[in-house]
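Notes follow the structure.
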Amino acid sequence: MRLLVTGGLGFIGSNFIRHWISQHSKDQITNLDKVTYAANPDNLTDLDSNSNYRFIKGDICDQSVVDQLMSNIDLVVNFAAETHVDRSIDDPLLFVKTNVLGTYTLLKSALKHKIKHFHHISTDEVYGTIDHETKDEFSETTPFDPTSPYAAYKASADHFALSFFKTYDLPLTITNCSNNYGPYQNPEKFIPRVITNLLTNKKIPIYGKGENLRDWLYVDDHCRAIETVIEHGKVGETYCIGGLKEACRNIDIVKKILKIMGKSENLIKYVTDRPAHDNYRVSWKKIKEDLAWEPQESLDSGLEKTIDWYQKNQDWWKKAKIEAENFYQKLDNYKNLK
Ligand code: NAD
Ligand code: DAU
């Protein structure tokens with residue numbers, strides 16, 4: 001099989017490509033990535049000598065590049081996106097192009113080239129927020145109610161994708177996943193930010209009171225879930241993916257990391273909250289019952305592996321860390337962090 005993977009130099013995309021090649025060594029993968037600040041070209045250097053893998057630097061919004069690559073492809077897996085909620089609050093327009101127009105460009109080309117399967121990667125954030133008290137959960141039937149500009153553009157892309165299935169019969173599946181963590185995640189995101197702050201003797205910024213709820217999934221489990229949906233999912237269907245039975249408060253994640261790293265809770269610093277800060281909990285009942293997928297990594301073991309990786313790979317994150325902290329410095333809301 002010939003795959004076009006977009007955004008494959010980012011966090012989940014690079015983990016997915018490595019996973020797919022390990023399971024399907026004869027398949028050919030083309031990785032189309034614009035190499036934004038979020039990409040790291042070193043993520044897949046271990047595949048440099050693999051003749052079944054090639055990297056193309058390019059933009060999913062560029063119809064001519066997309067058309068050229070799509071002409072020899074069976075399966076498209078679309079990871080490419082602007083992904084950071086805080087950046088979407090700072091500069092929403094940037095997100096429209098890649099997350100909406102980019103996805104549309106890929107869908108149009110996939111249709112033109114009669115692609116056998118288009119798998120679109122989305123997020124649980126399209127569903128908005130759960131009630132903090134009742135702790136209800138998102139599922140595939142929850143109406144879209146996005147909160148951040150990032151989530152609004154992802155929701156828009158999901159609507160476009162499903163409309164291409166309904167209107168033009170493009171064979172398509174979608175997965176809406178909760179928060180991922182693990183190796184190769186940009187240190188602008190919460191868990192790697194906490195770990196790398198501790199490794200560089202900085203305090204840990206917690207937005208608001210640290211009460212916000214998230215569901216966490218180890219990235220390898222997400223990659224297996226995507227593979228399961230591609231291989232066994234029903235065309236036209238959406239599958240929610242999550243990792244926990246109960247949603248977890250941000251403060252509890254931080255306390256777990258501090259404990260594993262042997263650091264003091266005095267390092268916690270509460271900072272101004274994110275605007276429209278939401279809460280998530282996602283039900284993964286459908287993918288479990290219909291496709292027999294479930295997460296294998298526990299939160300504790302996943303955090304231990306992740307901390308170990310960031311400790312051992314400081315050269316990988318040092319440059320991105322400077323860039324990330326420069327971004328946070330720029331944001332008025334987070335300026336009070338020392
Ligand atoms: P990331 O920010 O680490 O990587 C995104 C990648 O996309 C980068 O390599 C970047 O260079 C590339 N890219 C951006 N714009 C592009 C464009 N116009 N053309 C080609 N490439 C472009 O992202 P991630 O965390 O790995 O997320 C991947 C996908 O999974 C996204 O669609 C995201 O919405 C979704 N998702 C992420 C999470 C999470 O917790 N990280 C959870 C659920 C869903
Ligand atoms: O739910 C899936 C989504 O998870 C993905 O679609 C997004 O691409 C991904 O970035 C992630 O979004 P979040 O907003 O949940 O992730 P983030 O890592 O930015 O923040 C996680 C939680 O931690 C959130 O409640 C905000 C809080 N936070 C974050 C940072 C960076 C802090 O308290 N302090 C911080 O410094």
Side-chain angles (χ1 to χ4, degrees), residues 5-16 31-41 43-44 56-62 65-66 77-89 94-95 97-99 101-103 105-106 120-127 138 147-148 150-151 153-154 157-158 175-182 184-194 197 203-217 219 222 226 241-242 248-251 253-254 268-271 273-274 277-282 320 324-325 327-328 331 334 337:
V5 177
T6 70
L9 285 186
F11 165 46
I12 308 172
S14 61
N15 277 289
F16 174 80
N31 173 10
L32 173 64
D33 195 299
K34 189 178 167 186
V35 195
T36 68
Y37 82 93
N40 188 328
N43 284 1
L44 290 173
I56 306 285
K57 184 173 178 180
D59 191 331
I60 59 165
C61 302
D62 184 337
V65 172
V66 168
V77 190
N78 180 29
F79 290 93
E82 290 291 340
T83 61
H84 193 27
V85 172
D86 289 328
R87 288 185 192 263
S88 84
I89 294 168
L94 176 69
F95 284 64
K97 214 173 153 224
T98 294
N99 297 9
L101 293 179
T103 303
T105 306
L106 290 169
H120 178 64
I121 309 291
S122 190
T123 168
D124 62 350
E125 298 201 14
V126 298
Y127 302 116
F138 303 138
T147 304
S148 70
Y150 159 73
Y153 301 134
K154 290 296 288 187
D158 288 19
T175 41
N176 292 81
C177 187
S178 62
N179 285 59
N180 283 215
Y181 69 102
Y184 300 98
Q185 186 167 31
N186 190 297
E188 70 183 358
K189 304 284 167 53
F190 185 49
I191 287 182
R193 190 177 188 206
V194 172
N197 273 20
K203 290 206 164 187
I204 298 168
I206 298 199
Y207 300 171
K209 294 184 179 143
E211 298 278 339
N212 287 72
L213 298 167
R214 290 287 183 276
D215 177 278
W216 292 99
L217 180 69
V219 64
H222 187 191
I226 297 166
I241 309 170
C248 190
R249 293 182 312 164
N250 292 335
I251 184 69
I253 290 284
V254 169
I268 293 172
K269 175 157 184 167
Y270 293 94
V271 300
D273 208 354
R274 174 186 279 175
H277 199 171
D278 40 19
N279 297 285
Y280 320 133
R281 178 173 173 223
V282 59
E325 294 308 320
F327 162 72
Y328 285 116
L331 281 186
Y334 311 119
L337 180 71

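For the numbers below, each heavy atom of this structure counts, side chains included, while hydrogens, waters and symmetry mates do not. In what follows, residues are counted from 1 in the order of the sequence shown. Each ligand, and each atom within it, is numbered from 1 in the order the structure gives.
Counting protein heavy atoms only, atom 27 (C) of ligand 2 is closest to Asn250 ND2, 3.5 Å. Looking only at heavy atoms of the protein, atom 29 (C) of ligand 1 is closest to Phe79 O, 3.2 Å. Counting only heavy atoms of the protein, atom 3 (C) of ligand 2 lies nearest to Glu125 OE2, 2.9 Å. In this structure, the protein non-hydrogen atom closest to atom 4 (O) of ligand 1 is Gly10 CA, 3.4 Å. The nearest heavy-atom contact from the protein to atom 25 (O) of ligand 1 is Phe11 CD2, 3.8 Å. Taking atom 37 (C) of ligand 1 as the reference point, the nearest protein heavy-atom neighbour is Ile12 CD1, 3.5 Å. The protein atom (non-hydrogen) at minimum distance from atom 44 (C) of ligand 1 is Ser122 O, 3.1 Å. Given atom 8 (C) of ligand 1, the protein heavy atom at minimum distance is Asp33 OD2, 3.6 Å. From the protein, the heavy atom lying nearest to atom 36 (O) of ligand 2 is Arg193 NH1, 2.7 Å. For atom 16 (O) of ligand 2, the closest heavy atom belonging to the protein is Asn179 ND2, 3.5 Å. Looking from atom 34 (N) of ligand 2 to the surrounding protein, the closest heavy atom is Pro205 O, 2.8 Å. At the top of the distance list for atom 33 (O) of ligand 2, counting protein heavy atoms only, stands Tyr207 N, 2.9 Å. The shortest contact between atom 40 (O) of ligand 1 and any protein heavy atom is with Asn180 N, 2.8 Å. Atom 8 (O) of ligand 2 has as its closest protein heavy atom Thr83 O, 2.8 Å. What sits closest to atom 31 (C) of ligand 2 on the protein, heavy atoms only, is Tyr328 OH, 3.2 Å. Closest to atom 20 (C) of ligand 1, if we only count protein heavy atoms, is Lys34 N, 3.2 Å.
Heavy-atom proximity to Glu188, at under 4.0 Å, picks out these atoms of ligand 2: 31 (C). Listed by atom number, the atoms of ligand 1 under 4.0 Å from Gly58 heavy atoms are 19 (N), 20 (C). Taking every heavy atom of Ala80 and a limit of under 4.0 angstrom, the matching atoms of ligand 1 come to 7 (O), 20 (C), 21 (N), 22 (C). Those atoms of ligand 1 with a heavy atom of Thr36 less than 4.0 angstrom away are 10 (C), 11 (O), 14 (C), 15 (N). Counting atoms of ligand 1 from 1 in the listed order, those under 4.0 Å from a heavy atom of Asn179 are 40 (O).
Using cut-offs of 30° and 60° on the angle between ring planes, the pair Phe95 and Tyr150 is perpendicular. Ring planes of Trp216 and Tyr181: perpendicular class, angle over 60° (limits at 30 and 60°).
Ligand 1 lies out of reach of Asn186, whose nearest heavy atom is not under 4.0 Å from it. For Ser14, the closest heavy-atom approach to ligand 1 does not fall below 4.0 Å. Residue contacts with ligand 1 include Asp59, since one or more of its heavy atoms lies under 4.0 Å from the ligand. Between Ser122 and ligand 2 there is no heavy-atom distance shorter than 4.0 Å.
Contacts between Asn176 and ligand 1, counted as non-hydrogen atom pairs separated by less than 4.0 Å, are absent for every part of the residue. Contacts with ligand 1 closer than 4.0 Å are made by side-chain heavy atoms of Thr83 only, the backbone lying farther away. When heavy-atom distances to ligand 1 are checked against a 4.0 Å cut-off, Lys154 comes that close only through its side chain, counted from C-beta outward.
For the residues Arg87, Arg274, His277, the heavy atom positioned nearest atom 17 (P) of ligand 2 is part of Arg274. Selection from Tyr150, Phe16, Tyr37 by nearest heavy atom to atom 33 (C) of ligand 1 gives Tyr150. Around atom 23 (O) of ligand 2, the closest heavy atom drawn from Tyr150, Phe138, Phe190 belongs to Phe190.
Under a cutoff of 6.0 Å and an axis angle of 45°, Arg193 and Tyr328 form a cation-pi pair.
Between Asp124 and ligand 2, a contact under 3.5 Å exists for at least one N or O pair. Geometrically, ligand 1 and Ile60 share a nitrogen or oxygen pair separated by less than 3.5 Å. Of the N or O atoms in Asn212, none lie within a sub-3.5 Å distance of an N or O in ligand 2. Considering both main-chain and side-chain atoms, Arg214 comes within under 3.5 Å of ligand 2 through a nitrogen or oxygen pair.
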